[in-house]
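Counting starts at 1 for both ligands and their atoms, in listed order. Keep in mind that this is a model prediction, so the values were computed, not measured.
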Amino acid sequence: MSEYFNVADIFGENVFSDKVMQERLPKKIYKALHKTIDEGKELDPMVAEVVAEAMKQWAIEKGATHYTHWFQPLTGVTAEKHDSFITAPRADGTILMEFSGKELIKGEPDASSFPSGGLRATFEARGYTAWDCTSPAFVREDAAGAILCIPTAFCSYTGESLDLKTPLLRSMQAINTQALRLLKLFGNTTSKKVTPSVGPEQEYFLVDAEMFEERKDLIYTGRTLFGAMPPKGQELDDHYFGTIRQRVAAFMKQVNEELWKLGVTAKTQHNEVAPAQHELAPIYAEANVAVDHNQIVMQTLKRVACQHGLKCLLHEKPFAGVNGSGKHNNWSITTDDGINLLDPGKTPHENVQFLLVLACILKAVDTHADLLRESAADPGNDHRLGANEAPPAIISIFLGEQLEDVVAQLISTGTATSSKTGGVLQTGVRTLPDFAKDATDRNRTSPFAFTGNKFEFRMVGSRDSIASPNIVLNAIVAEAFCEACDELEGAENFEEAVHDLIKKYLTEHQRIVFNGNGYSDEWVAEAERRGLPNIHSMVDAIPTLVTEKAIKLFGKFGIFTKAELESRVEIKYENYAKAINIEARTMIDMASKQIIPAVIKYTKDLADTIIAVKQAGVDAPVQTELLAESSDLLSDTKVALAKLIEVTDTAAAMGEGREQAVYYHDVVMAAMSELRAPVDKLEMIVDKAVWPMPSYGDLLFEV
Ligand code: ADP
Ligand code: MG
């Protein structure tokens, strides 16, 4: 029997939540802080002082000894530097625990150690972290003890953003302003704030920690660089939603409990399509909180896995030939008084405000499909998008039957007079209840799907931060709202003008709507005919950040300056080159020190056996054939290895920038594949006892 356990008892217990602030802060201070959180009013240093004191007291009661400004530099992972609360000893040798308002709102990490893309030379190393009071502080417990984590933004001395949070917050301001304008057109004067809500579904793999330790590729790169397919893959579809194994279940239980304590609403968990693959989804939250929480989720998955003798792989493509992992970024826009702008209601054809919002989103996504694609680009995701598995690298929107029909009516006649309904689901079994179906089926092949009252952007990589896609979504939709408002605010006959505008947008941008199978080859051809961009790789996606159109968009809303965009482009090329360089070097290391020696040993044993058998007066045709085969593959391996060493050295010697990144993509990656091919064949021949690392079968089926 389980012990009594109520999630409500632990939920948020390690969060400096609104409830805690209400209890611990003087009323006036609490109100002043809320003015900043809710309305973006500047924070009074006096208020910060009092909040810091209360936060420290609360954290110490939770066992915290240190605090950290927790931030998200452009390395792709979170960064933190811990400071203890202690002050210098007093005359009597005792110490105090101190934490000032200044320490709460401002930190100063050495910015030169983080990517800045030339925004700041090392001799101008100043960078600041600034408290983001819209995302709550929390106490994290791990082997280092308990630490007060303060979510912060990270900027250079001159105010350029060096992180993902600053532009995210800027993009949220942009969509807030423009959405409020749009609501006003429809007579809404009560909503004060509009925020994007985000619910990211996180996919991941779990493998046995001891086996992980035996694979240098997993250790250094997070994915396997060699590996023959096991006899069984995912063809039986028996893992998806299958019964969760006990070891994994115990892991999930602990993950949930830790996340709940941190105020992360872990809600759904299940096995995913691939063996050893799983998913976790929280309940959606405000975009910046969702971004922070997703980072906490990823960290927690990794940390807890270790405690269960497991390793959590967040890489987008840990195993070739087996489905990779992504993140589904569910996105909607909601007012402070609870109106979801993406909720069509029961009769969408009558909901003019919704239709305008929808038309704007179609326009935004069509106009900036390239940017949205870029926002999901990282080296790992290149193995998914448009490569060996879906979704494709082409952005399109799935609307579903009901909305597609409404849109078609609007385009052809200018008015829509009906909305299709889902009807009743009849199972044909009397004891099963009949229930109303959704008006729309799902389409799991679409990269950007309307799912009832939100859009689901399904391209994001599993390891990547969800900040970038949400920055782009907020920005492009803010722009479309802004342009619509510019047209409509002066209109003499609003009703006529809004109908005309909706029709215009829908007509001009209908090419972005695609309800069919996004995984098919026909779609690739059709998309090309429609003129939709098909951007195959990260290196090809990066330049989209600095097109005239992108600079104008981000500049208009103060989300990125031109200099910031240019710096990000540089950083991305650099990050890409580094990632592939590490992969190539890891392959070189494994092939030279592990695989070739193992095959040499195998061939020597075979040769010895052949001699012994022949001495006994018997022919050894099988052994001889195996020896010839493995020797041939061994020499292929050696040739491919030499080639990979050569091109990797060439790449590394090139100056940083686009040319180098392209070389890594075109030449080094190709040489990596050439080395992998004979090695994977050898793995199928060589005695398992000699093979120097666990196989795909071991990793995928022995959790
Ligand atoms: P699935 O796509 O697997 O059927 P759900 O519909 O349960 O999943 O939702 C997946 C994610 O979408 C969850 O994180 C959920 O909280 C989030 N979500 C649900 N409604 C919204 C919304 N209005 N805005 C943003 N995210 C949402
Ligand atoms: Mg989903």
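- Against a heavy-atom cut-off of under 4.0 Å, Ile283 is close to the following atoms of ligand 1: 16 (O).
- Looking at Pro282 next to ligand 1, an N or O pair under 3.5 Å apart turns up.
- Compare Gln202, His270, Lys454 by their heavy atoms: the one nearest to atom 6 (O) of ligand 1 is in Lys454.
- Close contacts of ligand 1 with Glu456, meaning ligand atoms under 4.0 Å from a residue heavy atom, involve 2 (O).
- No donor-acceptor distance shorter than 3.5 angstrom exists from the side chain of Ser197 to the backbone of Glu286, with no hydrogens or angles considered.
- Atoms of ligand 1 found under 4.0 Å from any heavy atom of Gly199 (numbered from 1 in listed order, with element): 14 (O), 26 (N).
- Proximity of His328 to ligand 1, defined as any heavy-atom pair under 4.0 Å, is not found for any part of the residue.
- In summary, the side chains of Lys420 and Gln402 do not present any donor paired with an acceptor at a separation below 3.5 Å, with no hydrogens or angles considered.
- Of all atoms in ligand 1, listed by their number and element, those nearer than 4.0 Å to a heavy atom of Asn340 are 23 (N).
- Between Ser332 and ligand 1, an N or O atom pair is found at a separation short of 3.5 Å.
- Residues meeting the salt bridge (Lys or Arg N to Asp or Glu O under 4.0 Å) test with Arg170, sequence neighbours left out: Glu564.
- Using a non-hydrogen distance threshold of 4.0 Å, Lys267 does not register as a contact of ligand 1.
- By the 30° and 60° cut-offs, the orientation of the rings of Phe514 relative to Trp523 is parallel.
- Across Arg458 and Arg384, no two heavy atoms sit closer than the pair O-NH2, 4.4 Å.
- Within a 6.0 Å sphere centred on NZ of Lys184, heavy atoms belonging to other residues, nucleotides or ligands number 12 at most.
- Any N or O atom pair closer than 3.5 Å counts here, and Glu279 shares no such pair with ligand 1.
- With sequence neighbours left out, Gln510 forms a side chain to side chain contact (heavy atoms under 4.5 Å, CB included) with Ile411, Thr507.
- For the side-chain hydrogen bond (donor to acceptor under 3.5 Å, both in side chains) test with Ser325, the passing option among His315, Gln277, Glu316 is Gln277; the others fail.
- Neither the backbone nor the side chain of Thr334 comes within 4.0 Å of ligand 1, counting heavy atoms alone.
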